[in-house]
Chemist: 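Can you keep this structure in mind? I'll have questions shortly.
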Amino acid sequence: MTRSLFGTDGVRGLANTHPMTPEIVMKVGMAAGRLFTRGEHRHRVVIGKDTRLSGYMIESALVSGFTAVGMDVFQFGPLPTPAVAMLTRSLRADLGVMISASHNPYHDNGLKLFGPDGNKLSDDMERKIEALMANGLESGLARPRELGRAKRIDDAQARYIEFVKGTFPKNLRLDGMRVVIDCANGAAYKVAPAVLWELGAEVFSLGDLPDGFNINLDCGSTEPRAMSAKVREMRADFGIALDGDADRVVMADERGRIIDGDQVLALIAHSWSRRGELKGGGVVGTVMSNMGLERFLGGMSLRLERAPVGDRYVLEKMRQGGFNVGGEQSGHIVLNDFSTTGDGLIAALQVLAVLAAERKPASEATTLYQALPQIHENVRFMNGSPLEDARVKSHIDASAERLNGKGRLIVRKSGTERVIRIMAEGDNETELREVVRSIADVLRGASA
């Protein structure tokens, strides 16, 4: 059975339309609750969310679904996705759910589900949830005496703050360091500035006034220009831009120059390797990771393992190969010594630890390799499957052959939006632009 609700990162869509309606969300809660109700103990699920207006509606529907099958619900309120993963384990919950559409605009929302080990659910488990939703849920309803209870947990943010601070080296402080933090008006708007301040930094906050509509709006990791400008304005030493649920991060040096996920992987791999703390003989990236990173790691006798796009697939390959560092160019950085999923704040602290220990400016510490040109373009489509069109397939094959031996070409459908993503990489930027433009034109013709 193929998945129809779940994509590369849970369920996602326009709020109050399929699949993000109260009815569907409640059924997800009922089905997931039934699958994770095992044994005789009192079962519990933890729920966090970001700051979208639709979070209230979706949270209520989830609570109804879980309590209907006899699960007790702990509601955290606004909290980063990695905090939900961590607290699922810490509170010995049977299941964790984050209500968020990550970096998408406010009008979208989604569900990310975690098992009792704090890891995102497997494709197989997601298929089982969908199968249960399709085959009727009435037989799993709890008897009146066994219905679940729901309550809010007031200290969830404090627990996460202390956990994140504990990942920073005990012998280091951020005293004297000026740091800009853009919280994307999202889930980390309270916890991220608090962590940095408590570690000694002078903190300048952006995107910390959510109103239900402004999450990711002209701010955060997908729009880091405001963060970069603030770094220059305040003459800060470092800038951090999180996305709406804080599992993704983009950083900036003291000049406001953007530091992407590949450069973060290079810095952490270099630092941890020298300390003998890097596991697996390298790091895990994705098919989108820059060839410059691969060459840099090769110069250190380390390897870059490539996974499909999506932090869950990065994590899967990390577990298979015994790696403890992995991530995506887009800013999902997974450090599984600390967390079971991407954590933007923990990743930023690891970079800040290098700056504090080596007493180097960020512009020097993070310039470890020369990135090869990568040309990206997104083609939005409304209907059909443009990548199945014969003319599109033929043109992509011809373009790949043109770059054979000189670069790479990736054309893929987004797992979270109705978008075809095109990426070409190599040494000849002019040729790359021609290839990407021609593929985009053919895709638009096929999707018209």
Side-chain angles (χ1 to χ4, degrees), residues 8 221 248-251 253 257-337 342 347 350-351 354 362-377 396 399-412 421-433 435-436 439:
T8 57
S221 63
R248 180 186 298 199
V249 64
V250 169
M251 307 177 209
D253 64 20
R257 181 183 66 92
I258 295 299
I259 305 164
D260 69 13
D262 283 348
Q263 293 164 317
V264 173
L265 288 178
L267 177 67
I268 294 175
H270 184 255
S271 174
W272 287 20
S273 177
R274 288 194 302 173
R275 300 202 310 256
E277 296 176 1
L278 187 68
K279 301 173 185 175
V283 305
V284 176
T286 73
V287 293
M288 305 298 289
S289 296
N290 197 281
M291 289 172 63
L293 171 62
E294 191 167 17
R295 293 174 182 176
F296 169 74
L297 293 171
M300 298 172 59
S301 299
L302 300 173
R303 69 183 190 275
L304 173 68
E305 289 285 331
R306 294 184 184 271
V309 172
D311 63 338
R312 60 187 297 174
Y313 303 116
V314 171
L315 266 164
E316 183 178 327
K317 193 168 283 287
M318 289 174 69
R319 287 193 292 267
Q320 291 172 351
F323 297 91
N324 62 343
V325 176
E328 300 185 88
Q329 189 183 68
S330 60
H332 280 124
I333 306 298
V334 183
L335 307 173
N336 64 11
D337 285 354
Q350 295 307 303
V351 176
V354 173
S363 58
E364 180 181 347
T366 61
T367 306
L368 296 175
Y369 69 88
Q370 183 65 43
L372 270 67
Q374 281 190 348
I375 306 302
H376 299 261
E377 186 160 348
I396 291 173
S399 299
E401 182 62 30
R402 177 179 176 181
L403 292 179
N404 187 29
K406 299 181 292 181
R408 299 188 306 127
L409 175 65
I410 306 290
V411 184
R412 64 182 183 88
R421 304 194 190 280
I422 311 166
M423 187 279 286
E425 176 184 49
D427 294 300
N428 187 332
E429 186 171 345
T430 300
E431 184 177 35
L432 298 177
R433 291 188 182 280
V435 166
V436 170
I439 293 173

Chemist: Would you mind reporting whether Tyr369 and Asp262 have side-chain heavy atoms less than 4.5 Å apart?
Modeler: yes
Chemist: Check whether any side-chain heavy atom of Val325 lies under 4.5 Å from a side-chain heavy atom of Leu335, and answer yes or no.
Modeler: yes
Chemist: Search all heavy atoms of Arg248 against all heavy atoms of Ser221 and return the closest pair with its distance.
Modeler: CD-OG, 3.6 Å
Chemist: Say whether, by atom type as modelled, one donor and one acceptor occur between the side chain of Arg303 and the main chain of Gly280 under 3.5 angstrom.
Modeler: yes
Chemist: In Å and rounded to the nearest 0.5 Å, what is the CD to NE2 distance from Gln329 to His376?
Modeler: 5.0 Å
Chemist: Give me the atom names and distance for the closest heavy-atom approach of Val287 to Arg306.
Modeler: O-NH1, 3.6 Å
Chemist: Which atoms form the tightest heavy-atom contact between Ala424 and Val436, and what is the distance?
Modeler: CB-CG2, 3.6 Å
Chemist: If you round to the nearest 0.5 Å, how far is CD of Glu431 from CG of Leu403?
Modeler: 5.5 Å
Chemist: Quick one: are His332 and Val314 in side-chain contact, heavy atoms under 4.5 Å?
Modeler: no
Chemist: Can you measure from CE (Met318) to CG (Asn324) and round to the nearest 0.5 angstrom?
Modeler: 6.5 Å
Chemist: At what distance, to the nearest 0.5 angstrom, does CG of Leu368 lie from CG of Leu265?
Modeler: 11.5 Å
Chemist: Do you know the tightest heavy-atom contact between Lys317 and Phe323?
Modeler: O-CD1, 3.9 Å
Chemist: Mark yes or no for whether Ser271, through its side chain, and Leu267, through its backbone, hold a donor-acceptor pair below 3.5 Å.
Modeler: no
Chemist: Is the closest side-chain heavy-atom distance between Arg408 and Gln374 below 4.5 Å?
Modeler: yes
Chemist: Does any non-hydrogen side-chain atom of Val284 lie less than 4.5 Å from one of Leu315?
Modeler: no
Chemist: Measure from the side-chain N and O atoms of Gln350 to the backbone N and O of Ala347, and report whether any donor-acceptor pair falls under 3.5 Å.
Modeler: no
Chemist: Within a strict 4.5 Å, meaning less than it, do heavy atoms of the Leu432 and Asn428 side chains meet?
Modeler: no
Chemist: So Val309 and Arg421, do their side chains get closer than 4.5 Å, heavy atoms only?
Modeler: no
Chemist: Any side-chain to backbone donor/acceptor pair from Ser289 onto Thr286? Under 3.5 Å, distance only.
Modeler: yes
Chemist: So, the side chain of Asn290 versus the backbone of Leu372: is there a donor-acceptor pair under 3.5 Å, distance only?
Modeler: yes
Chemist: With a 4.0 Å cut-off on N to O distance, would you call Arg312 and Glu316 a salt bridge?
Modeler: no
Chemist: Looking only at non-hydrogen atoms, find the nearest pair between Arg402 and Lys406 and report the distance.
Modeler: O-CE, 3.1 Å
Chemist: Before giving the answer on side-chain contact (heavy atoms from CB on, under 4.5 Å), spell out for Thr366 and Met251 the whole-Å C-alpha distance, their side-chain angles and the decisive distance to 0.1 Å.
Modeler: CA-CA 10 Å; Thr366 61; Met251 307 177 209; over 6 Å; no
Chemist: Using a strict 4.0 Å threshold on nitrogen-to-oxygen distance, state whether Lys279 and Asp337 make a salt bridge.
Modeler: yes
Chemist: Identify the heavy atoms of Glu294 and Leu304 that sit nearest to each other, and give their distance.
Modeler: CB-CD2, 3.9 Å
Chemist: With no hydrogens and no angle check, just 3.5 Å: does a side-chain donor-acceptor pair link Glu305 and Gln320?
Modeler: no
Chemist: Quick check for you: to the nearest 0.5 Å, what is the distance between Ser399 atom OG and Leu409 atom CG?
Modeler: 6.0 Å
Chemist: Quick one: pull up CD1 in Ile333 and CD in Glu328 and give me the separation to the nearest 0.5 Å.
Modeler: 8.5 Å
